[in-house]
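Working notes, beginning with the structure itself.
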Amino acid sequence: MDMPGEEEYAYEYDNEFDLENPFTSPADEPIASLLDAEGHHSPSVSAAASAARRDAAGFISKVRYDGELAVHPRVAYLALNYVDRFLSKRQLPFEHKPWAPRLLAISCLSIAAKMQRAAAIPVADIQRDEEFMLDAATIRRMERVVLGALEWRARSVTPLAFLGFFLSACFPPPRHPPLLDAVRNRAVDLLIRAQPEVKMAEYPPSVVAASALLAAAGEVAGAHLPAFQAGVAACPFVNSEKLRQCGEAMAAACGIGVGTAAATSADTPVTVLGHGHYHSASSESDRTVGSVADAKKRCMGPPSRWG
């Protein structure tokens, strides 16, 4: 099978790639760096809606939920991100062939596994139900094509990269580690579940991350939700309308519903995913979940004030 870039390649996977910390060295202004990078790593809506993406996502999902293969959720998540980024930049080679989306999916799974320092993807095992078997050499060549389309930038900036910022800058004190871990873990679960939904490509990673965290906080930290919402709303780069729309799309994709999670009073409900108004009534909020003004200062101030 002929393919662009058939020569062997060597790509260094020296360090395990942390999806929540995508940069190789600390940035002076990490949120500014993330915001600058997210536009270059976001998929196009047309690519996310393509038949090739649908078929590749379906194959990755099948592999992800095959109990015998034990593909880690974050490997599958990163692989689908590579699929989206590739299709946003390039036309799929041999797109008229029924096996082409599978070739893309397997190549992206292989790259993702290497980046995550996970076990190698068993090429034969994940194709055991397929009529046409793609060989390892073809997959390696396709990996090079994918990396070339990504300009060898395999350290993707995904919604997971923004979780730490929003929790540090916007979540109200006291920030007990077990509570933050619970919110973060639930948000990661929601992000992984929502990723295949085409509509999620309409929103930048930062907004998707904020939506997931607000939904998670509504479930596991309801008393903190009003001040957390206010802190997120105070971030100058968060568009409130996009946040609302993204929250609705995530609720639909994850089947979690959009119900009331917390309220500043009996008459003013604040819903899980940010519907309604953000409230800053002082008496109860200051006493139980921290000050909205403090949240604004943390969000808009330098990194040293995020904690």
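Annotation: side chain of Gln195 is in contact with side chain of Asn81 (closest heavy-atom distance under 4.5 Å). Contact annotation: the side chain of Val123 approaches that of Ile139 to within less than 4.5 Å [non-hydrogen atoms, C-beta and beyond]. Pro205 is not listed as a side-chain neighbour of His41, based on a closest heavy-atom distance of 4.5 Å or more. Here the side chains of Leu160 and Asp18 are not in contact, with every heavy-atom distance at 4.5 Å or above. Inter-residue side-chain proximity for Tyr203 and Leu243 is flagged as unmet; no heavy-atom pair is nearer than 4.5 Å. The shortest side-chain heavy-atom distance between Val146 and Cys108 falls under the 4.5 Å cut-off. Between Ile106 and Gln127, some side-chain heavy-atom pair lies under the 4.5 Å cut-off. Using a 4.5 Å heavy-atom threshold, the side chains of Val232 and Phe228 count as touching.
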For this session: Could you walk me through whether Arg74 and Glu20 pass salt bridge (charged side-chain N to carboxylate O under 4.0 Å, His left out), step by step?
Result: CA-CA 11 Å; Arg74 294 198 182 207; Glu20 295 186 33; 3.0 Å; yes

Problem set entry | CA sep, side-chain torsions, deciding dist, call: Thr138, Asp135, side-chain hydrogen bond (donor to acceptor under 3.5 Å, both in side chains) | CA-CA 6 Å; Thr138 298; Asp135 60 53; 2.9 Å; yes

For this session: Given side-chain contact (heavy atoms from CB on, under 4.5 Å), test Phe86 with Val145 step by step and report yes or no.
Result: CA-CA 9 Å; Phe86 175 86; Val145 174; 4.0 Å; yes

Exercise. Does the pair Met115 and Tyr82 meet the rule for a side-chain contact (heavy atoms from CB on, under 4.5 Å), with working shown?
Worked result: CA-CA 12 Å; Met115 290 295 294; Tyr82 290 154; 3.5 Å; yes

For this session: Just do the side-chain contact (heavy atoms from CB on, under 4.5 Å) check on Phe166 and Cys235 with the steps written out, would you?
Result: CA-CA 9 Å; Phe166 283 119; Cys235 293; 4.2 Å; yes

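The pair Arg193-Asp189 meets the salt-bridge criterion, since a charged nitrogen lies less than 4.0 angstrom from a carboxylate oxygen. For the pair Arg186 and Asp181, the salt-bridge criterion is not met [side-chain N within less than 4.0 Å of a carboxylate O]. Ion pairing between a basic and an acidic side chain is recognised when a charged N comes within 4.0 Å of a carboxylate O; Glu151 and Arg85 show no such pairing. A salt bridge links Arg53 and Asp84; the closest N-O separation between the charged side-chain nitrogens and carboxylate oxygens is under 4.0 Å. By the 4.0 Å N-to-carboxylate-O rule, Glu130 lies close enough to Lys62 to be salt-bridged with it. With respect to Lys199 and Glu197, no salt bridge is recorded, no charged nitrogen being found less than 4.0 Å from a carboxylate O. With salt bridges taken as basic N to acidic carboxylate O contacts below 4.0 Å, one links Arg244 and Glu241. The existence of a salt bridge linking Lys242 and Glu202 is excluded, since no basic side-chain nitrogen approaches an acidic carboxylate oxygen closer than 4.0 Å.
Here the shortest heavy-atom pairing between Ala149 and Lys89 reads O-CD, 3.0 Å. The nearest pair of heavy atoms linking Arg175 to Pro172 is CG-O, 3.7 Å. Closest of all the heavy-atom pairs between Val220 and Leu179 is O-CD1, 3.8 Å. When all heavy atoms of Asn21 and Arg155 are compared, the pair lying nearest together is O-NH2, 4.0 Å. Between Ala187 and Ala216, the closest heavy-atom pair is N-CB, 3.6 Å. Smallest separation of non-hydrogen atoms from Gly231 and Cys170: O-SG, 3.5 Å.
Linking Ile, Leu, Val, Met, Phe, Trp and Tyr whenever their side-chain heavy atoms come within less than 4.5 Å leaves Met133 and Ile126 in two separate clusters. One hydrophobic cluster, built from ILVMFWY side chains closer than 4.5 Å, cannot hold both Tyr65 and Leu190; they sit in different ones. Connection of Val83 to Val45 is not established within any shared hydrophobic cluster, with ILVMFWY side chains joined at heavy-atom distances below 4.5 Å, either directly or through further cluster members. Under the 4.5 Å side-chain heavy-atom criterion for grouping Ile, Leu, Val, Met, Phe, Trp and Tyr, Val198 is not connected to Val208 through any hydrophobic cluster. Met142 and Trp152 fall within a single hydrophobic cluster, where Ile, Leu, Val, Met, Phe, Trp and Tyr are joined by side-chain heavy atoms under 4.5 Å apart, directly or via other members.
In this structure, CG in Leu214 is found 12.0 Å from CD in Glu219, a value given to the nearest 0.5 Å. To the nearest 0.5 Å, atom CD of residue Gln245 and atom OG of residue Ser211 are 10.0 Å apart. Atom-to-atom distance recorded for Leu69:CG and Ile121:CD1 is 8.0 Å, nearest 0.5 angstrom. The distance from atom CD1 of Ile111 to atom CG of Leu147, rounded to the nearest 0.5 Å, is 4.0 Å. The line from CZ of Phe59 to CG of Leu80 is 13.0 Å long, rounded to the nearest 0.5 Å. The CG atom of Leu180 sits 11.5 Å away from atom CG of Leu163, with the distance rounded to the nearest 0.5 Å.
Looking at Arg54, its side chain never comes within 3.5 Å of a backbone N or O of Ser50 through a donor-acceptor pair. Ser110 places no side-chain N or O within donor-acceptor distance of the main-chain N or O of Ser107, the cut-off being under 3.5 Å. With hydrogens and angles ignored, the 3.5 Å screen pairs a side-chain donor or acceptor of Arg102 with a backbone N or O of Phe132. Without hydrogens or angle criteria, Glu95 side chain to Gln91 main chain gives no donor-acceptor distance under 3.5 Å. With hydrogens and angles ignored, the 3.5 Å screen pairs no side-chain donor or acceptor of Ser156 with any backbone N or O of Thr158.
Phe237 and Phe162 have their aromatic ring centers separated by at least 6.0 angstrom.
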